[in-house]
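Working notes, beginning with the structure itself.
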Amino acid sequence: MSAAIGSARLERAARHARPSARRKQVDRILDGALFGVCAFAALLSGVVILVIAYQVVQGASPAISKFGLGFLFETTWQPNFGVFGAGSLLFGTVVSSFVALAIGAPIAISIGLFLSLLAPAGVRNIIGPLVEMLAAIPSVILGFWGILILAPFVHENLEPWLHDTLGFIPLFGSPETTGASVFTASLILTIMIVPIIASISRDLFLAVPKDVQDGASALGATRWEVVRGVVLPSTASGVVAASLLGLGRALGEAIAVTQVIGAGSAINASLFKTGDTLASRIANQFPGAITGMHKASLFYLGVILLVIGLISNLTAQWIGRRFDYRRMAAR
Amino acid sequence: MTELAFDPAAPLTPSGNLRRRRAFSRAMEYGATGAALFAVAVLGIVIYTVISRGASALSLEFLFTGVPTGIAPAIIGTGLIVAVATAMAMPLGVLIALFVSEFASDRVASASQLALDLLNGLPSIIIGLFVFGLLVDHKTQSGFAGSVALAIIMLPLVARGTQEVLLLVPNNLREAADALGVSRWRAVLTVILPSALGGILTATVLAVARAAGETAPLILLSSVFDGKEVILNVSEATPNIPVMIFQLSEEANPEGFARAWGASLVLISFILFASLAARAAHARSRRKMTS
């Protein structure tokens, strides 16, 4: 059908293709113009990244020149005394994101396996979009739900149970007075990253050649052994890249984390205590920041976040692209 | 003389080891199915909560009046900010996609792709900080600044989606246009782009759905404490739904919570409706183009 529409359009376009010197000249100019506009737009997207980095570093420059790299390790954050340090926030960011990844990645990869290998087409076409819909829920609503619904549940059921059964591990200390904790934040982050990792890994698993899988089955492998021996090894780097993308998302999430993490300033071994992350601290304090140094320090947090985010994204791209090459070569 | 019992099916019945392997395989299958159901259940719980709590706040008054009875200024504000952002992001995104798929060499295309991916991976709060430094610092907050930030967030989404449909446009069309002596710009604007229009709209709607719920940049760029009046001028700080939900959620005020649930319901209905519609349209146009 589209071919018919396309040919009608072609016919109309071809009517203008009469060769005349003037026409050719006009065409040449317009060709160049269209190319120029498109190239400019593409260039702009690259420039925007550089300008963003410049602007954020610029905003942070007072704090950078005052605190230097020691900012990364300083754990006190007291705006009233002009003392700022990112240590505890870095800790909170890393811990909450990695816990989210530790819970989320296995779930997401399982979902990817279910959607690509187990589910019949009908079920796949319903559950797949539903899982992706999870990524469409705005973080502010997820965070709001997190405070009012998830946090009380975690506080009353999950935390006591984890403390009782796994309390010998310092991660699972005794529950605090409210459910606002690093753990709750990790669970919210888990919800946000699962759909990302799941949909990428589903696509990866779908691309594994069917005959290789059938070959393994014919040799007597069970379904799990096919997954373990064929599907996962051939997609491993792609799955790692997907997890890194999810991690990048978790590291940078500001709003939902701010709402549930409790804005604590101390470094605690227990996940059930309050904490804070880089992004969350910016979202929380930037609107109320009055002194120049406070703002600059928040910008400095942004610089750290930018560097971490770029590193995780670039690594993901790099691994993902290498994977592409290998698959191309195998074909 | 005892006869050795010969069972022809013996090699086919699982012995202990195989039974264990099968059981393990079965367990993993159940685990994967369970994970998928769990994710759907979480979606169900979140949406159910928003609907059940938000429905009681919802009324005509809630949708059409300002604070304290309703959220009309925030609805209109979000609409305005997102519309201005779309007006910036959509043309740029389409141009970038055209560049990558019609003009660029492989090398340049993959560099441009990388830039888009990096832009897509940037935390939205960083984009908020950037636009704050660019437009708001030493001046006042404005809805327009919010639009710029949302446009940066939407740009890679529109570009990526458009690029995908441009890839689906059959190469015959391009070759036929060349063969008929149609100039490049005319082929792109009157043949290729119109064939991809459906996909471009789909990508834009998905980007709008994403931008409508984006909160982090707006907190820095356009946070109004109480949206009493409708503001139609984006050069002022414009009230909007995400910031409103965020502010109400930070106060421990049951009445505010009720309003926040209502606002969440409005926002989530719009987003889910938009992305469902876009998906349906996408699936249809894909079928049409590939068949």
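Because only heavy atoms are used, hydrogens play no part in the values below, and waters and symmetry mates are left out as well, while side chains stay in. Protein chains get the first letters and strands the later ones, always in sequence-line order, with residue 1 at the start of each.
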Task: Residue among A:V56, A:L30, A:N313 with most heavy-atom pairs under 4.5 Å to chain B - done: A:L30
Task: Which portion of A:I52 sits near chain B, non-hydrogen atoms under 4.5 angstrom - done: both
Task: B:R26 portion near chain A, given a 4.5 angstrom heavy-atom threshold - done: neither
- [ ] Please state whether the side chain, the backbone, both or neither of B:T49 comes within less than 4.5 Å of a heavy atom of chain A.
- [x] side chain
Open item on the list: Counting heavy-atom pairs under 4.5 Å with chain B, which one of A:V194, A:L305, A:I127, A:L44 comes out on top?
Closed with: A:L305
Task: Close side-chain approach of A:M192 to A:L142, heavy-atom, < 4.5 Å - done: yes
Open item on the list: Measuring only between side-chain heavy atoms, which start at C-beta, is B:L173 closer than 4.5 Å to A:L10?
Closed with: yes
TODO: Examine whether an atom of B:I152 lies under 4.5 Å from a heavy atom of chain A, and if so say whether it belongs to the side chain, the backbone or both; otherwise answer neither.
DONE: side chain
Open item on the list: Checking side-chain polar atoms at under 3.5 Å, does A:W224 have a donor or acceptor matched by the opposite partner on A:T222?
Closed with: no
Open item on the list: I'd like to check B:F130 versus A:L306 (side-chain heavy atoms, cut-off strictly below 4.5 Å). Are they in contact?
Closed with: no
Task: Residue-level interface, residues 131-139 of chain A with chain B, non-hydrogen cut-off under 4.5 Å - done: A:V131, A:E132, A:M133, A:L134, A:A136, A:I137, A:P138
- [ ] Would you mind telling me which of B:I47, B:I125, B:I45 has the largest number of heavy-atom pairs within less than 4.5 Å of chain A?
- [x] B:I125
Open item on the list: Which atoms of B:L114 are under 4.5 Å from chain A, going by heavy atoms: the side chain, the backbone, both sets, or neither?
Closed with: both
Task: A:S312 to A:L244 - nearest heavy-atom pair and separation - done: O-CB, 4.1 Å
Task: Atom group of A:A119 that falls short of 4.5 Å from chain B, counting heavy atoms - done: neither
Task: B:S112 side chain to B:V108 backbone, donor-acceptor under 3.5 Å - done: no
Open item on the list: Using heavy-atom distances under 4.5 Å, tell me whether B:A176 contacts chain A through its side chain, its backbone, both, or neither.
Closed with: both
Task: SB check B:R174 B:E102 (cutoff 4.0 Å) - done: yes
Task: Non-hydrogen side-chain atoms of B:L119 and B:L122 separated by less than 4.5 Å - done: yes
Open item on the list: Any heavy-atom pair between the side chains of B:F270 and B:V266 that's under 4.5 Å?
Closed with: no
- [ ] Counting only heavy atoms closer than 4.5 Å, note whether B:V100 contacts chain A via side chain, backbone, both or neither.
- [x] neither
Open item on the list: For the interface with chain A, which of B:A32, B:A212, B:A115 has the highest count of heavy-atom pairs at distances below 4.5 Å?
Closed with: B:A32
TODO: Let me know if B:E29 has heavy atoms under 4.5 Å from chain A in its side chain, its backbone, both or neither.
DONE: both
Task: Separation between CG of A:L34 and CZ of B:F103, rounded to the nearest 0.5 Å - done: 4.0 Å
- [ ] Answer with side chain, backbone, both or neither: which region of A:A254 has an atom nearer than 4.5 Å to a non-hydrogen atom of chain B?
- [x] side chain
- [ ] Kindly indicate whether the side chain of A:P287, heavy atoms from C-beta on, has any atom under 4.5 Å from the side chain of B:I219.
- [x] yes
Task: Under 3.5 Å side-chain donor-acceptor pair for A:N284 and A:R281 - done: no
Task: Test item: A:F286 and B:L129 side chains (from C-beta on) under 4.5 Å apart, heavy atoms - done: yes
Task: side chain to side chain contact (heavy atoms under 4.5 Å, CB included) partners of A:L148, counting only residues at least two apart - done: A:F144, B:F257, B:W261
- [ ] Select one option (side chain, backbone, both, neither) describing which atoms of A:V51 are under 4.5 Å from chain B's heavy atoms.
- [x] both
- [ ] Could you tell me which portion of B:P194 (side chain, backbone, both or neither) has an atom closer than 4.5 angstrom to a non-hydrogen atom of chain A?
- [x] both
- [ ] Would you name the heavy atoms of B:L221 and B:A149 that are closest together and state the gap between them?
- [x] CD1-CB, 3.6 Å
Task: Residue pair B:T190 / B:V182, side-chain heavy-atom distance below 4.5 Å - done: no
Open item on the list: Taking side chain as everything from C-beta outward and backbone as N, CA, C, O, which of these in B:L134 sits under 4.5 Å from a heavy atom of chain A? Side chain, backbone, both or neither.
Closed with: both
Open item on the list: Is B:R184 in contact with chain A via its backbone, its side chain, both, or neither, using a 4.5 Å heavy-atom distance?
Closed with: both
Open item on the list: Let's test your reading of the structure: which of B:A209, B:P123, B:S249 forms the most heavy-atom pairs below 4.5 Å with chain A?
Closed with: B:S249
- [ ] Find the one option among B:A260, B:A177, B:A104, B:A97 whose heavy-atom pairs under 4.5 Å with chain A are most numerous.
- [x] B:A260
TODO: Identify which of A:I109, A:L118, A:I107 forms the greatest number of heavy-atom pairs closer than 4.5 Å to chain B.
DONE: A:L118
Open item on the list: Taking B:G213's backbone N and O only, do any of them form a donor-acceptor pair with B:T215's side chain (distance below 3.5 Å, no angle check)?
Closed with: yes
TODO: Nearest 0.5 Å please: distance from the CZ atom of A:F299 over to the CD1 atom of B:I126.
DONE: 9.5 Å
Task: chain B contacts, top residue of A:R228, A:Q317, A:E253 (heavy-atom pairs, under 4.5 Å) - done: A:Q317
TODO: Using a cut-off of under 4.5 Å on heavy-atom pairs, state which of A:I149, A:L150, A:L115 scores highest against chain B.
DONE: A:I149
TODO: Specify which of A:E225, A:R249, A:R28, A:Q58 makes the most heavy-atom pairs with chain B at under 4.5 Å.
DONE: A:E225
TODO: Counting only heavy atoms closer than 4.5 Å, note whether B:V188 contacts chain A via side chain, backbone, both or neither.
DONE: side chain
